[in-house]
Amino acid sequence: MKLTLSDEQARFGATLHDLLDAADVPAASRAWAAGDAVPGCAVWRRLADAGVTALAVPEKWGGLEASPADLVVACEELGHHALPGPAMETVAAVPALLAALGGAAAERWLPALASGEALATLAAPPWLPYAVDADTAGVSLLAARPAGAADLLASGSPTAAARLPGATGATGAIVARPARAAVGVWVGVVGEAVASVDPTRRLFELGPGEMLADDAGGAVGRALDLGALACAAHLLGAGRAMLETAVEYAKQRVQFGQPIGRFQAIKHALADVAVGLEFARPLLYAAAVTLTPRDVSAAKVACASAAHRAARAALQVHGAIGYTEEYGLGRWLTRVRALMAAWGTSSDHRARVLATLTAQAEPWS
Amino acid sequence: MKLTLSDEQARFGATLHDLLDAADVPAASRAWAAGDAVPGCAVWRRLADAGVTALAVPEKWGGLEASPADLVVACEELGHHALPGPAMETVAAVPALLAALGGAAAERWLPALASGEALATLAAPPWLPYAVDADTAGVSLLAARPAGAADLLASGSPTAAARLPGATGATGAIVARPARAAVGVWVGVVGEAVASVDPTRRLFELGPGEMLADDAGGAVGRALDLGALACAAHLLGAGRAMLETAVEYAKQRVQFGQPIGRFQAIKHALADVAVGLEFARPLLYAAAVTLTPRDVSAAKVACASAAHRAARAALQVHGAIGYTEEYGLGRWLTRVRALMAAWGTSSDHRARVLATLTAQAEPWS
Amino acid sequence: MREWLAANAPAAPLPSVDSAEGDAAHREWERLLTGARLSAVSWPVEYGGRDAPPMHWLVFEEEYHAAGGPVRIGQNGLFLLAPTLFGHGTAEQRDRLLPRMARADDVWAQAWSEPDAGSDLAAIRSRATRTDGGWLLYGQKTWSSRAAYADRAFGLFRTDPDAERHRGLTYLMFDLRAEGVTVRPIRQLGGAPGFAEIFLDGAFVPDADVIGAPGDGWRVAMSTAGHERGLSLRSPGRFLAAAERLVDLWRDSGDSALAGRVADAWIAAQAYKMHGYAALERPPGPHAGSLGKLFWSELDLALHETALDLLGPHAEVRGSSRSGGWLDGYLFALAGPIYAGTNEIQRTIVADRVLGLPR
Amino acid sequence: MREWLAANAPAAPLPSVDSAEGDAAHREWERLLTGARLSAVSWPVEYGGRDAPPMHWLVFEEEYHAAGGPVRIGQNGLFLLAPTLFGHGTAEQRDRLLPRMARADDVWAQAWSEPDAGSDLAAIRSRATRTDGGWLLYGQKTWSSRAAYADRAFGLFRTDPDAERHRGLTYLMFDLRAEGVTVRPIRQLGGAPGFAEIFLDGAFVPDADVIGAPGDGWRVAMSTAGHERGLSLRSPGRFLAAAERLVDLWRDSGDSALAGRVADAWIAAQAYKMHGYAALERPPGPHAGSLGKLFWSELDLALHETALDLLGPHAEVRGSSRSGGWLDGYLFALAGPIYAGTNEIQRTIVADRVLGLPR
């Protein structure tokens with residue numbers, strides 16, 4: 001099993017880090033949140049030049065057909081810089097789904113995704129009731145069961161089944177688990193806009209347009225798992241960024257006559273953050289090797305917890321300044337809060353881990 | 001509502017504290033654990049002289065018919081000193097049960113309980129599968145449903161119903177919730193001995209002997225609630241003792257050239273303990289006023305959490321010495337661990353709080 | 001009172017208090033409350049209150065939040081400045097300021113923190129220099145809550161530049177629209193300007209707007225800080241209402257795996273309520289405010305984090321239609337462990353002054 | 001190996017290793033393991049090992065714990081002293097000591113802590129004074145794990161009384177049955193004498209039982225401390241086996257409210273396993289042991305506390321028949337955040353040396 005990065009992978013990550021460091025991501029984020037995707041798309045084009053958008057695209061459609069581990073390296077850096085844009089969708093889930101569908105759909109969009117000409121987004125209730133940045137993406141897909149796109153079950157657990165009122169999210173009523181219907185894939189028709197805690201995540205409901213497949217449950221499930229893996233990597237990168245920021249701030253900020261990083265309360269809180277990140281990482285790499293639902297879920301839970309702990313500690317270390325929109329920390333805080341809820345919540349993924357351990361049916365099969 | 005102690009109640013607590021401080025409770029505990037109850041019973045007789053064993057006994061049987069708040073004051077001091085002996089049973093649950101049964105049973109035992117001539121114990125599965133100190137108690141009662149004493153439900157929740165394999169505890173199999181049968185009360189016949197984490201809690205299974213009542217669900221439920229309230233007070237007292245001990249130790253113990261109580265990690269951990277105890281106390285007093293199942297459950301959960309947090313922090317502050325049998329801390333550590341599991345676990349009581357809030361049936365009715 | 005609230009409380013949430021339209025709407029609401037003499041029930045009748053004992057005030061708060069009453073735009077004034085005026089102000093100050101405060105004719109901002117004096121409040125450097133009939137203010141304040149739309153502010157200024165730390169400070173009130181005052185709103189997570197920087201360059205404060213004696217500001221302020229850390233700013237009502245909503249959300253969700261956290265949050269809200277009632281029966285110790293602040297700030301986070309976990313993928317959605325406003329409440333709760341004395345400061349206070357650990 | 005374990009691992013748990021009969025039973029088990037050349041698989045063949053690479057050792061540990069293998073009575077020797085002998089000992093020492101260690105002919109105790117040197121190990125005061133052909137030991141050691149029934153011990157002694165703190169210390173091995181040595185067992189929670197005090201009054205240690213150079217003991221010891229804090233003492237196998245048992249317990253209990261904690265504990269055990277495997281691919285940083293110790297000690301508590309909560313009222317019961325041994329495991333897990341460097345010390349190490357925060 002390969003649980004650490006090769007030198008080549010480490011270099012790839014460092015290259016992306018330098019690329020994003022040189023780009024003005026904070027300015028691109030402000031513009032993106034305000035509806036101007038131009039500076040952000042420019043950064044995405046540079047990432048495409050570095051191969052990021054081609055990683056999950058098969059070679060026959062102009063892609064690199066890279067390993068999921070390479071994908072994880074790239075996605076961690078996107079999270080490390082809190083880049084705006086539909087990252088998990090463009091880099092992981094949508095190319096995986098199109099490649100699995102193959103044929104005309106793959107032919108139509110995969111070359112454009114690989115080259116970076118188009119960004120992609122996806123709605124797949126219940127894990128993904130909203131499609132992020134559907135106003136900017138060149139490819140918007142909807143994966144759902146036909147009966148109203150409301151009952152696509154991400155987990156075999158009764159919990160998740162009973163919980164989600166569906167894409168409209170209006171009632172909160174308990175819904176019974178419906179009889180399984182085949183999962184379809186459509187071109188998405190952009191519907192109502194919804195505001196996210198992360199202002200760079202411009203959420204939209206999607207309705208079904210042109211149908212691309214009428215029975216693609218397996219492909220959709222694997223695509224969502226790849227997206228969840230990418231999301232875990234994104235969370236880990238964001239957590240790492242917040243730890244780095246908090247450590248730097250704690251060295252500089254003076255109160256009571258000394259840098260606050262000398263206070264044991266600060267030291268110990270940040271040490272716990274370091275432990276959380278350190279032990280989430282191997283689960284992420286292991287999931288990239290196996291791609292089993294259980295391992296993907298374990299990675300998502302662990303990375304979300306580690307990122308959440310990092311967010312809480314970093315905010316507490318910064319105090320009020322961390323709570324401002326102006327200071328950079330908020331870009332990660334809000335991203336983490338949003339991604340904890342997307343691509344399956346920790347409740348969903350914990351339930352899936354237990355379901356696989358206690359030999360209940362595999363989801364999406 | 002009365003949520004603080006009267007001056008008289010505070011004086012009562014102080015009197016008991018002085019009484020127990022003057023008694024050699026550690027020596028009595030060692031003897032009790034070794035099977036010699038004589039020194040412990042001597043302490044109990046002094047408590048009886050101070051009125052403790054008469055608090056829950058009606059006046060007509062020689063008791064004081066005191067308020068539950070007085071009971072809580074006394075029980076907190078018993079926990080504060082980690083006195084050996086069946087405290088919740090003798091002081092709260094058994095007198096309440098016998099008083100509710102009335103008649104011959106009350107006549108037979110209540111005067112002896114009030115005067116301190118006899119200690120009492122109780123088994124009532126599933127909350128109390130074992131009777132503590134049944135080898136020493138003069139009164140041993142078993143409250144159960146007739147069909148094997150295995151299905152007495154402490155909570156209306158399916159969780160608790162499905163969980164407990166019953167008094168024998170052997171299989172751990174899921175049992176379906178049985179049809180309700182009436183709750184009977186028997187004189188207990190001492191069965192197999194079981195070792196508790198707290199060596200002063202000498203556990204025994206009880207079998208049914210002479211039947212005292214064949215349909216006493218309400219009385220048993222109220223008695224168990226009074227016992228759970230007393231248990232919560234005991235836990236709070238134990239938590240307070242551990243906080244006091246840890247604070248004293250942190251002032252004395254020098255490492256790295258200064259008292260460890262000067263280190264922020266120690267300070268903050270103990271401050272969190274103080275917060276937990278401070279906010280558990282008003283729930284305890286409120287439950288003593290209302291005696292509703294919901295308030296008793298809230299108090300048990302909060303006092304157990306506060307005591308558990310105190311135990312963890314106190315052990316960590318003490319380090320290895322806290323882990324020894326010789327040093328006193330272990331008396332409280334093991335008592336708390338045992339009482340967290342007795343008189344309804346936190347899972348049971350949380351489920352009961354939610355059941356009452358979401359308007360499910362009241363238990364024991 | 002319950003009927004009045006049921007009849008008059010806004011059916012839909014008002015716009016954010018930290019927006020121009022929200023500011024106007026919340027001031028309007030306060031005038032409505034004042035009309036029913038409900039804006040400051042615990043004040044003496046002469047200032048528009050009802051002389052309500054603290055227990056009644058707690059019940060008012062429970063009813064207010066249970067009815068979904070809006071955020072109190074005047075809370076800095078009502079819960080922080082007013083107690084200071086009752087304790088240290090003059091009759092003239094009370095007569096002049098309190099009725100306008102109750103009606104939200106004057107909305108008050110806090111002006112405590114400075115860039116280098118956050119947790120370390122005694123490090124204040126903004127100064128007030130003596131001038132004819134009053135003082136001239138210089139320096140910078142920050143994290144001034146509500147200052148973007150407020151009318152007036154109160155805070156500490158150094159009047160004796162040679163005195164160290166918490167000596168030589170004076171408690172002053174000033175007009176945010178006065179000459180020499182520049183307010184720069186700070187946008188916070190979520191985008192609303194919940195607080196602001198205040199730049200002071202010679203703004204005039206008449207002697208009549210000094211509270212207590214010049215140089216005695218630390219002592220005066222600590223009584224306000226006690227109020228901020230204590231019950232008044234964080235009455236149990238808000239948490240109790242949130243806990244009830246959380247239980248409803250949980251019941252509707254059917255997510256049994258989160259039952260324990262829901263129960264614990266509800267129990268903690270009850271504990272906070274009972275603790276408040278107990279404090280009315282017997283005055284709590286001098287540092288009860290620190291214990292309380294640690295408890296309510298963690299309770300508020302637990303309530304909101306549990307709710308977000310119950311909301312599943314809708315947890316990232318702003319506003320109230322899809323996520324019941326929990327996300328917005330969460331962003332507010334995140335600030336709890338930071339403001340009014342960080343929780344780290346509070347834990348040290350508890351350890352040193354309540355437990356007596358060596359400093 | 002799996003078959004051998006299945007065929008030979010004791011069906012019922014052995015008596016506590018800290019009792020006379022348990023000591024004998026565990027030594028007997030080690031001899032059986034040695035016979036199958038499984039007691040020290042990672043050692044060179046010449047000392048009774050199999051030259052197994054670390055990955056195979058991890059797999060051995062997983063299989064060992066999955067099969068319910070007993071506590072390793074020789075673990076102080078196998079996992080702490082042996083690496084020190086391989087790194088700093090002489091060939092003569094290895095030849096003389098390792099085969100007896102593998103067979104549990106010699107069971108080793110640690111002798112690090114002293115009454116005033118717990119977390120602050122550099123404050124050691126026990127001393128070794130020079131004599132003809134060796135050293136005489138004086139002073140007191142405490143929290144010496146396994147010393148009640150062990151044969152020999154290793155630890156640090158001050159050989160240069162004028163040197164400060166961690167200078168002037170020497171790493172020595174001594175016989176617990178020798179003249180001048182008194183062992184006083186300390187009963188711990190649960191009643192077993194898991195550790196002991198050692199009183200030293202002129203016990204003789206020949207030069208052959210010094211490891212490394214006299215005065216160089218701190219450096220030698222830190223390599224052992226690294227082992228103690230690192231993987232070797234806490235291989236993932238034990239936690240993985242416990243996590244599997246926890247999932248079984250949860251499934252049988254049907255307590256859905258605890259599902260989240262069960263899943264988190266299982267995930268954490270997996271994380272610890274994968275972290276261990278990753279460390280084999282690429283050597284971890286110098287303070288990985290501190291990160292790991294924080295993680296496994298909290299993991300161990302989480303596993304056992306969750307299990308006790310699942311056991312309901314049976315959680316207070318000792319032994320394995322009614323509570324599956326979880327309570328006894330919990331008492332052991334409670335010591336995790338204390339020994340081998342308290343978690344407070346470890347957090348400070350991580351903050352200072354991994355994160356670079358100011359000291």
Side-chain angles (χ1 to χ4, degrees), chain A residues 33 125-130 157-160 162-165 168-174 194-199 201 203 253-257 260 263 265-266 269 308 312 315-316 318-326 330 333-334 337-348 350-351, chain C residues 113 115-123 142-143 145 184 186-195 197 248-258 301 305 308-319 321-324 327-328 330-332 334-335 337-339 342-345 347-348:
Chain A
W127 274 14
L128 299 175
Y130 312 110
S157 81
T159 295
R163 197 189 67 206
L164 291 160
T168 64
T171 68
I174 296 176
V194 174
S196 167
V197 62
D198 176 354
R201 282 173 60 86
L203 306 180
R253 170 71 171 173
V254 172
Q255 290 278 274
F256 303 102
I260 61 172
F263 291 107
I266 301 284
H308 180 57
R312 292 281 299 111
L315 180 56
Q316 197 64 20
H318 279 82
I321 199 172
Y323 196 71
T324 62
E325 205 176 65
E326 192 167 330
L333 292 175
T334 58
R337 185 56 251 177
L339 294 188
M340 285 171 69
W343 300 94
T345 66
S346 290
S347 275
D348 294 331
R350 288 187 185 108
Chain C
S113 295
D116 292 317
S119 289
D120 186 8
L121 199 57
T142 191
W143 317 127
S145 63
R184 192 181 77 83
I186 304 173
R187 298 177 82 78
Q188 62 194 28
L189 290 187
F195 30 53
E197 291 177 296
D248 290 344
L249 183 68
W250 172 76
R251 185 182 43 207
D252 292 345
S253 79
D255 190 342
S256 55
L258 294 173
L301 274 169
E305 294 200 330
L308 291 184
D309 287 348
L310 285 167
L311 284 165
H314 308 292
E316 73 162 304
V317 179
R318 302 289 305 271
S321 67
R322 288 158 204 258
S323 56
L327 179 67
D328 303 274
Y330 173 69
L331 293 178
F332 182 68
L334 274 179
I338 295 170
Y339 73 96
T342 66
N343 283 15
E344 286 72 26
I345 300 285
R347 285 192 187 95
T348 298

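None of these values were measured; they are calculated from a predicted model. Just so it is clear, the values below take in all heavy atoms, side chains as well, and ignore hydrogens, waters and symmetry mates. By convention in this document, chain letters (A, B, ...) are assigned in the order of the sequence lines, proteins followed by strands, and residues within each chain are numbered from 1.
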Between the CG atom in L189(C) and the OG1 atom in T334(A), the distance rounded to the nearest 0.5 Å is 7.0 Å
Closest heavy-atom pair, L258(C) versus S347(A), reported as atoms and distance to 0.1 Å, is CD1-OG, 3.9 Å
Does a side-chain heavy-atom distance below 4.5 Å link V194(A) with H314(C)?
no
If you tally heavy-atom pairs under 4.5 Å between each of L334(C), T142(C), T342(C) and chain A, the highest tally belongs to L334(C)
Side-chain contact, heavy-atom cut-off 4.5 Å: E316(C) with L203(A)?
yes
Side chain, backbone, both or neither of I186(C) within contact of chain A (heavy atoms, under 4.5 Å):
side chain
Cut-off 4.5 Å, heavy atoms of chain C, and the answer for I321(A) is both
Contacting moiety of A335(C), where chain A heavy atoms sit under 4.5 Å
both
First locate atom OH of Y339(C), then atom OH of Y323(A), and finally report the distance between them rounded to the nearest 0.5 Å.
9.0 Å
Those residues that, when tested against P193(C), pass side-chain contact (heavy atoms from CB on, under 4.5 Å) (two or more places apart)
D18(C), A148(C), Y149(C), P185(C)
Test your reading of the model: is there a side-chain donor-acceptor pair from Q316(A) to the backbone of P337(C), 3.5 Å cut-off?
yes
Distance col, row T345(A):OG1 vs D255(C):CG, nearest 0.5 angstrom, shows 7.5 Å
Residue pair F256(A) / D120(C): nearest heavy atoms and the distance that separates them
N-OD2, 3.1 Å
Under 3.5 Å: donor-acceptor pair, side chain of Q255(A), backbone of D116(C):
yes
Portion of S196(A) that has a non-hydrogen atom of chain C nearer than 4.5 angstrom:
both
Working to the nearest 0.5 angstrom, can you tell me the gap between D309(C) CG and M340(A) CE?
6.0 Å
So what's closer than 4.5 Å to chain A heavy atoms on A117(C): side chain, backbone, both or neither?
backbone
Quick one: does Y330(C)'s side chain get under 4.5 Å of V197(A)'s, heavy atoms only?
no
Rounding to 0.5 Å, atoms CG (L308(C)) and CZ (R337(A)) come to a distance of 4.5 Å
Considering only heavy atoms from C-beta outward, does the side chain of R312(A) approach that of L301(C) to under 4.5 Å?
yes
State, to 0.1 Å, how close A341(A) and G312(C) come at their nearest heavy-atom pair, and which atoms those are.
CB-O, 3.5 Å
What part of H318(A) gets closer than 4.5 Å to chain C, counting heavy atoms only: side chain, backbone, both or neither?
neither
Quick check on the interface: out of A195(A), G319(A), G322(A), who has the most heavy-atom pairs with chain C under 4.5 Å?
A195(A)
Chain A: which of T348(C), N343(C), V317(C), D328(C) shares the most heavy-atom pairs with it under 4.5 Å?
V317(C)
Output all residues satisfying salt bridge (Lys or Arg N to Asp or Glu O under 4.0 Å) with R253(A), sequence neighbours left out; order by chain, then residue number.
none
Given a strict heavy-atom distance threshold of 4.5 Å, which part of A320(A) is in contact with chain C: side chain, backbone, both, or neither?
both
